[in-house]
Amino acid sequence: MIQKKICLLGASSVGKTSLVQQFVEGIFNEKYLTTIGVKVDRKTLPIANQEINFMLWDMEGNDSYNVFQERYLRGAAGYIIVVDQTRASSLHEGLDIHTLAQQVTNCPAILAINKNDLPATWHLDDSENESYKKLFDLQFSTSAKTGSNVEEMFLALAKLLVRFEKNDITT
Amino acid sequence: MSSHAAKEPTEPEQQLETVRTLILGKENSRITQSIEKDARRIVADVITEALHDRQKKDNSVDKVLQPLVEDSVKHSVAHNSEQMVSSLYPLVGSLVRKSVAAFLSDFMEKTNQLLENSLTVKGLKWRFKARQSGVSYAHYVASQTFVYRVEHVFLIHRETGLLLNSVALDNENKSDADIISAMLTAINDFVGDSFLTEHERPKEQLQAVSTDNFNLLIKPGPSALVVAAVSGNPPQSISNQLQLTVENIHSLYSDELNSFSGDNQDFDNSDNLLRDCLLSEQKIKTSKQKKTPWFAWAILVLVLLYTGYQALNWLKVTELKEKIMRLDNQPGVIIKQLIINDLNNITLDILRDPDALNIRHWLNSNEMNAKKFNIIERSYYSLDPEILRQRAQLIIKAYPNISFNWQDNTLALAGTLDITKTEQLLNTLAIAGFTTEDNLVTEQLQLISAQPIVESQQVKQQIFDELIGRIAAIQLNFSVASEEITPKMHSSLQRLYQYIRQLEPLAQELKINFGLLILGSSDNTGYKAANNIISTKRASNAAAILQQKGLAKDKMFVLGLGQVDIINISSRARTVMFNVMYTNEM
């Protein structure tokens with residue numbers, strides 16, 4: 001069985017835990033509980049005749065008081081930066097985290113713009129979009145509440161990792 | 001110039017390199033070629049010794065060989081099964097026997113242990129405590145029976161925190177091993193970074209995590225951690241074993257560890273190494289007596305005590321019953337019912353003759369406390385010989401002139417007594433159960449005739465009449481076709497003779513002449529003539545006896561009546577009747 005460590009990063013209360021919960025258990029809880037430290041979950045995905053075991057490291061949210069700790073990122077096969085489309089500040093914080101993360105790892109990264117069931121307060125214009133696309137391997141607009149794009153995002157990540165590994169081997 | 005000067009020091013080196021290339025070939029190819037040519041021979045010469053030396057050094061050869069051997073055996077079984085079967089055949093029989101024996105002994109051991117643990121006080125206590133602390137009984141037993149036991153061993157990739165392999169004692173609970181290993185790594189990272197003070201110093205490493213039931217012992221290596229979940233108090237030896245395992249794994253799997261990309265299949269064969277860490281030590285029994293199932297013994301003793309008590313009680317009751325039933329043999333006492341509720345509450349329902357012994361006295365004199373008895377007593381009139389004797393004794397006591405003795409159960413009176421007293425005595429005795437027909441002999445009783453006659457003529461006449469009446473009341477009953485005088489008839493005739501003797505003086509005084517009519521009769525069966533004869537014979541036989549006793553023949557008149565034709569009587573009228581015929585002297 002192939003196992004992959006996947007980290008979820010982002011500002012606090014953007015919905016990292018809810019995304020994991022939606023993906024692993026298929027449920028959404030309105031109640032907000034802040035994550036302390038890290039919580040690990042597991043989900044097995046079937047990809048091209050084999051199974052990938054995702055060990056999902058759901059990190060505590062980072063803000064000015066709780067600075068991103070790269071320690072948990074060690075050994076990760078990929079990470080997802082989660083931002084909240086109702087809070088513009090979460091995007092900036094997410095980008096900061098991404099910058100920090102890239103200093104310690106070069107694994108694939110995904111940008112998840114969460115809470116797409118709620119009206120957005122900010123939009124990426126074309127030029128912004130282009131510049132972010134370069135920063136991330138993939139970009140998704142998700143909703144942990146409705147489940148929209150959640151499964152798709154993780155599946156795309158799995159495929160990306162398999163391809164990444166193959167490229168890795170060939171190079 | 002300056003460039004020439006810079007090249008100069010490298011020239012000899014270049015020359016040397018050129019020479020080296022000429023002699024050894026490009027990249028030592030000449031040497032390696034010649035070695036490769038003989039490689040097979042060279043390795044063949046030393047392979048056995050090399051394996052031996054390496055095995056001796058760090059026991060790593062068998063760990064490498066084991067999966068190979070397993071694979072080849074698996075291959076043989078799959079493809080050459082017949083050959084395997086025939087070569088294993090001689091072994092199989094004894095193997096099966098051994099395994100059955102092992103199973104049986106294991107089963108017995110387990111059953112024994114189960115019984116022991118469930119029947120002892122300890123077992124019950126453990127059950128209670130296990131429930132109290134919310135763990136399963138088996139778990140609690142393990143924690144109590146083992147000083148320590150390694151339940152689970154994890155091999156974790158240090159960099160990613162991913163689980164490489166894990167073994168469990170009971171091959172269960174493997175499902176969450178990957179999450180546990182990830183969380184453990186997260187905690188380890190957290191601890192390592194939290195206490196980091198200086199960048200130069202190596203990161204702090206978590207060595208152990210303790211919970212209520214478990215100690216997680218962590219042995220870190222450069223690329224992987226071995227973690228053991230231990231119940232109880234782990235000794236240093238586990239730590240040493242973990243260290244050894246970490247080292248072995250690093251030496252055997254260094255390439256796999258370094259190139260690990262998430263696929264843990266490469267580590268499947270590390271099972272054997274990890275299993276070496278599944279150590280345990282059983283608690284030494286603090287005392288040998290601990291094995292005694294006290295609880296079972298206590299129950300057994302209680303049962304025995306109760307049975308013993310019941311048996312003793314039963315024995316006592318039986319003994320008492322026997323003792324009381326002896327009362328039934330006492331004359332004039334009949335036990336109707338005896339109920340022994342317990343030894344202090346006995347109901348005794350009896351019939352008792354007033355002349356019989358006193359029940360309470362008897363009980364007391366027979367070592368029984370009469371106070372414990374509830375006696376229901378009703379009176380009856382007993383004809384037991386002993387009671388009769390007692391009663392007779394009491395009656396006769398009132399007559400100082402009369403002595404008595406017993407012939408079998410017949411009372412024989414002797415002595416002298418006047419006629420009225422005699423009558424009185426005989427009457428009383430008759431009421432008490434003594435009759436001249438059954439058990440009373442009065443032949444020795446003599447009447448005082450010399451007694452001065454004070455009675456008036458009238459009284460004498462009365463007595464005379466009564467005697468006549470008594471004589472008339474005497475009747476001898478014969479059996480069919482018999483004229484024989486039976487002993488019973490003898491005593492009747494004796495009485496009759498006594499009456500006649502008493503009559504004689506009275507008759508003289510009253511101036512009366514009298515004679516005795518003796519009438520024989522027969523039933524109506526048979527010939528009349530024969531009946532006449534037998535009736536006469538019966539009468540004359542009776543007369544002959546009286547004559548023997550001393551009654552003058554001329555005072556008797558014997559007559560055979562033949563058959564007496566009276567309804568209801570005639571069929572059984574085989575009798576001799578007596579009658580006194582008297583006339584007054586003129």
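Every chain is numbered from 1 and lettered A, B, ... according to where its sequence line falls, protein lines coming before strand lines. Bear in mind that the values here come from a model prediction, so they are computed numbers and not experimental data.
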Review point. Take atom CD in Q265(B); do more than 12 heavy atoms of anything else shown fall under 6.0 Å from it?
Key: no
Check your understanding: Can you check whether A182(B)'s main-chain N or O pairs, donor with acceptor, with K5(A)'s side chain at less than 3.5 Å?
Key -> no
Review point. Got a sec: does the CD1 of I27(A) have more than 12 other heavy atoms crowding it under 6.0 Å?
Key: yes
**Study point:** Candidates D263(B), N264(B), L162(B) - the one meeting side-chain contact (heavy atoms from CB on, under 4.5 Å) with I2(A)
**Key:** D263(B)
Study note, to complete from the structure: When rounded to the nearest 0.5 Å, the distance separating CD of Q3(A) from OG of S261(B) is 11.0 Å
Check your understanding: Side chains of T160(B) and R74(A): closer than 4.5 Å at any heavy-atom pair?
Key -> no
Check your understanding: What closest approach, in Å, do N53(A) and D178(B) show between heavy atoms, and which atom pair accounts for it?
Key -> ND2-OD2, 3.3 Å
Practice item. Mind running side chain to side chain contact (heavy atoms under 4.5 Å, CB included) on T185(B) and W57(A) for me, showing each step along the way? Key: CA-CA 11 Å; T185(B) 309; W57(A) 289 48; 4.1 Å; yes
Review point. Side chain, backbone, both or neither: which part of M1(A) has a heavy atom under 4.5 Å from chain B?
Key: both
